[in-house]
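Notes for the one structure printed next.
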Amino acid sequence: MKELMLGNKALARGLYEAGCQVISSYPGTPSTEITEEAAKYEDIYCEWAPNEKVALEVAHGASVGGRRSACAMKHVGLNVAADPLFTISYQGLNAGLVVCVADDPGMHSSQNEQDSRHYAIAAKIPMLEPSDSEESRSFAKRAYEISEKFNTPVLIKMCTRVSHSQSVVEPGERIVPDQVPYVKDPTKVMMTVNSRNAHVRVEERTKKLIAYAEDCDLNRVEMGDTALGIITSSTSYQYAKEVFGDEASILKLGMVYPLPEKKILDFAAKVDQVVVLEELDPIIENHCKQLGVKVSGKDRFPICGEFSQNLVRSCMGLETQESMHIADEIPGRPPVMCAGCPHRGIFYILKKNKCMVYGDIGCYTLGAVAPLNAMDLNVCMGASCSGLHGFNLAMGKEGERHSVGVIGDSTFIHSGITGITDIAYNMTNSTVIILDNSITGMTGHQQNPTTGKNLRGEPAGKVDLESLCRALGFERVRVVDPYDLDAVDKALKEELAAEAPSIIISRRPCVMIKGTVHQPPICPKEEKCVGCKACMQIGCPAISVREGKVRIDSTLCIGCKVCTQMCKFGALE
């Protein structure tokens, strides 16, 4: 029976149908739902790993053990997993291994806009790129066939629009291949002559994959008017179809590495003009130019951001369609932490103390926006710890007394442990604040090793953050309640003044966790309010000032009482 599915759900369905038995991932928008949907199938073991490197290593281990496996991550997660990815490409597999990576053109929820196709090229492994949900399902199954036929991991490249849009899918039956016996093979130890021989095999494999790309139905030609030929992939294919229909001929590439050669040359010979339509980097365009094909690409289309139907029309010199425009201007809606967010008080105190704040990746990155403006920079998962250490090495005592790193509990497990180990081992008097909100908040409330529950919500091993930090060499470890501003202020001042590395753990569960008990909303006393707007300094969306008096939205307020500590006139008691 046909079903309307998100691209990520359809991809999970394809993994299920292909007989995948182990999936290890780290959540990251827009890839998260792949693993969450796969976990709904009892026949697949699914887990959240501490980070993407570990996830890929687990999936590869399952492949070596003879079971089809997979892992999923967002584009920046592939940076973390790159180390094992390159070596696994050389080493090969036992059973099939599929690596799902979701790019984020437009940076809806990412700190950069990188193009993951570069990893396929650099690691010399095949990459498939579906353009809708049905292809997400079917490409997952084809990926295992390719993986086992060519003894290689296979990348499936999703993007925000394919991952989070819905289209019709026709599910199939699950077929589980027999477990592949494990046979000891000394040549798989990647060292000296083994590695050199493996590189030769990889280059030979690439030649075979190019030949496969020439004839496989993943790459198809749809002939229409021959005055214009478009070479494209992913969502750009959908835009091309919507804009041109049969008024152009299209070479639709489902396998974006390695790219075919003869198929492109044959297609170009049949049309008068060739245009390459691809988001982000000119990878298909450059390949065509290397083949000697005269193409138009980034001279027409932008290298940054997402495409749309109207953008394609405009760049091709066509009139845009008014039906695709929104008539009224949408008012600006800056991102903001939730009402009652436990991170708000921490950032207020950091701003009050004029701290240099080395930030990290998570919903607490919103501490950078007005009115808190309390985060100086962020780089990648875990960089707040090691980056703070480097900053203090450069700044000396002045840095140590006025700078902190902030990192969430899940991000800390992901990449922060090694950073604080560097601090403790090399002894800068650096202060790191771990924002423990008992969940992985930014990507939609996934469990992590500090929560005591696994992906399916079952009881699991739980990391004791205090004991871990002490075991790594920190003698100064303290826990604060971020709703108690005086306690936070006192702890911060003492740790910044201390002549030793220190950890402050800010512990309060995310207010959005199901089952969290909230207090009654604050009821302002209008007669005591003088309109000073001191309560507005924390940027809580439940608080407003109208006609010179404070107002509390009772549908948003969870009674955290942080605002009551801001008011000197008792209007919020």
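All heavy atoms count here, side chains included; hydrogens, waters and symmetry mates do not.
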When you look at L15 and I34, which way does the side chain to side chain contact (heavy atoms under 4.5 Å, CB included) test go after all the steps? CA-CA 9 Å; L15 297 174; I34 298 170; 4.2 Å; yes
What do you reckon, are the aromatic ring centroids of Y16 and Y41 less than 6.0 Å apart? yes
From N219 atom CG to L253 atom CG, the distance as rounded to the nearest 0.5 Å: 5.0 Å
Which pair of non-hydrogen atoms, one from A81 and one from L56, has the smallest distance, and what is that distance? O-CD2, 3.5 Å
Is there a donor-acceptor contact under 3.5 Å from the side chain of T226 to the main chain of V271? no
Between E222 and K241, is there a side-chain N and carboxylate O pair less than 4.0 Å apart? yes
Evaluate the side-chain proximity of F139 to M255: yes if any heavy-atom separation is below 4.5 Å, no if none is. no
Taking the side chain as every heavy atom from C-beta outward, state whether E170 and K2 have any pair of such atoms under 4.5 Å apart. yes
When you look at C100 and M158, which way does the side chain to side chain contact (heavy atoms under 4.5 Å, CB included) test go after all the steps? CA-CA 7 Å; C100 309; M158 304 289 280; 5.5 Å; no
Atom CD in Q446, atom OG1 in T451: separation rounded to 0.5 Å? 10.5 Å
For the pair N151 (side chain) and G92 (backbone), establish whether a donor and an acceptor sit closer than 3.5 Å, ignoring hydrogens and angles. no
For a salt bridge (charged side-chain N to carboxylate O under 4.0 Å, His left out) with E135, tell me which candidate from K252, R142, K141 qualifies. K252
So, S69 side chain and V22 main chain: donor-acceptor pair closer than 3.5 Å or not? no
For a 4.5 angstrom cut-off between non-hydrogen side-chain atoms, does P126 reach T152? yes
Less than 4.5 Å apart, side chain to side chain, heavy atoms only: is that true for V76 and C380? no
With a 4.5 Å cut-off on side-chain heavy atoms, are I439 and Q447 touching? yes
Take N197 and T187, measure what side chain to side chain contact (heavy atoms under 4.5 Å, CB included) needs, and give me the verdict at the end. CA-CA 9 Å; N197 291 339; T187 66; over 6 Å; no
For the backbone of P27 and the side chain of T32, can you confirm whether one donor and one acceptor N or O come within less than 3.5 Å of each other? no
To check you understand the geometry: which heavy-atom pair defines the closest contact between S63 and N94, and what is its length? O-CB, 3.0 Å
Looking at A18, is its backbone amide N or carbonyl O close enough to the side chain of R68 to form a donor-acceptor pair, meaning the two atoms are under 3.5 Å apart? yes
Indicate the atoms forming the closest heavy-atom contact of T450 with K462, along with that distance. O-CE, 3.1 Å
Counting N and O atoms only, with roles assigned by atom type, does the side chain of Q238 sit under 3.5 Å from a partner on the main chain of S131, one being a donor and the other an acceptor? yes
Would the distance check show the side chain of Y364 and the main-chain N or O of I361 forming a donor-acceptor pair, the cut-off being under 3.5 Å? yes
Closest heavy-atom contact between A72 and T35? CB-OG1, 3.8 Å
Do L85 and S89 touch side chain to side chain, with heavy atoms closer than 4.5 Å? no
dist D132:CG -> R137:CZ (nearest 0.5 Å) comes out at 10.5 Å
If we ignore hydrogens and angles and just use 3.5 Å, is the side chain of R117 paired with the main-chain N or O of Y257 as donor and acceptor? no
Between E37 and K40, does any NZ, NE, NH1 or NH2 come within less than 4.0 Å of an OD or OE carboxylate oxygen? yes
Show me the pairs that pass ring-ring contact (aromatic ring centres under 6.0 Å, His included) and involve residues 193-213, at least two apart or across chains. Y90-H199, F150-Y212
Has D299 got more than 12 heavy atoms of other residues, nucleotides or ligands less than 6.0 Å from its CG? yes
Would you say S314's side chain and N310's backbone share a donor-acceptor pair under 3.5 angstrom? no
Given M316, which partner from the list L228, I230, L311, V243 fulfils the side chain to side chain contact (heavy atoms under 4.5 Å, CB included) test? L228
Do D103 and Q114 come within less than 4.5 Å of each other through their side chains, counting heavy atoms only? no
Which pair of heavy atoms, one from D104 and one from S110, lies closest together, and at what distance? OD2-OG, 2.6 Å
Donor-acceptor contacts, no H, no angles, side chain residues 260-270, under 3.5 Å, sequence neighbours left out:
| residue | atom | partner | partner atom | Å |
| --- | --- | --- | --- | --- |
| K262 | NZ | D266 | OD2 | 2.8 |
| K263 | NZ | E214 | O | 3.3 |

For atom NZ of K298, is the number of surrounding heavy atoms from other residues, nucleotides or ligands below 6.0 Å larger than 12? yes
Please indicate whether D185 has more than 12 foreign heavy atoms, meaning atoms of other residues, nucleotides or ligands, lying under 6.0 Å from its CG. yes
Side chains of H108 and T29: closer than 4.5 Å at any heavy-atom pair? no
Are H75 and N112 close enough, and set up right, to give a side-chain hydrogen bond (donor to acceptor under 3.5 Å, both in side chains), and what steps lead you there? CA-CA 9 Å; H75 61 293; N112 69 32; 3.1 Å; yes
Could you walk me through whether L465 and I434 satisfy the side chain to side chain contact (heavy atoms under 4.5 Å, CB included) test, starting with their C-alpha distance in whole Å, then the side-chain angles of each, then the deciding distance to 0.1 Å, before giving a yes or no? CA-CA 9 Å; L465 290 176; I434 301 174; 4.1 Å; yes
Does Y26 form a side-chain hydrogen bond (donor to acceptor under 3.5 Å, both in side chains) with S410? I'd like the steps, not just the answer. CA-CA 10 Å; Y26 184 83; S410 180; 2.8 Å; yes
Is a side-chain N or O of D360 found less than 3.5 angstrom from the main chain of G408, in a donor-acceptor match? no
Taking NZ, NE, NH1 and NH2 as the nitrogens, is one of them in E3 or R13 under 4.0 Å from a carboxylate oxygen of the other? no
Straight-line distance of I284 CD1 to S233 OG, nearest 0.5 Å: 4.0 Å
From the list K124, K208, R196, salt bridge (charged side-chain N to carboxylate O under 4.0 Å, His left out) partner of E203 resolves to K124
Quick one: list whatever passes ring pair (Phe, Tyr, Trp, His ring centres under 6.0 Å) with Y237, sequence neighbours left out. none
To the nearest 0.5 Å, what is the distance between OH on Y144 and CG on L97? 7.0 Å
Do you know which two heavy atoms are closest between L388 and Y358, and how far apart they sit? N-CD1, 3.7 Å
Report the distance from atom CG of D281 to atom CD1 of I303, rounding to the nearest 0.5 Å. 5.0 Å
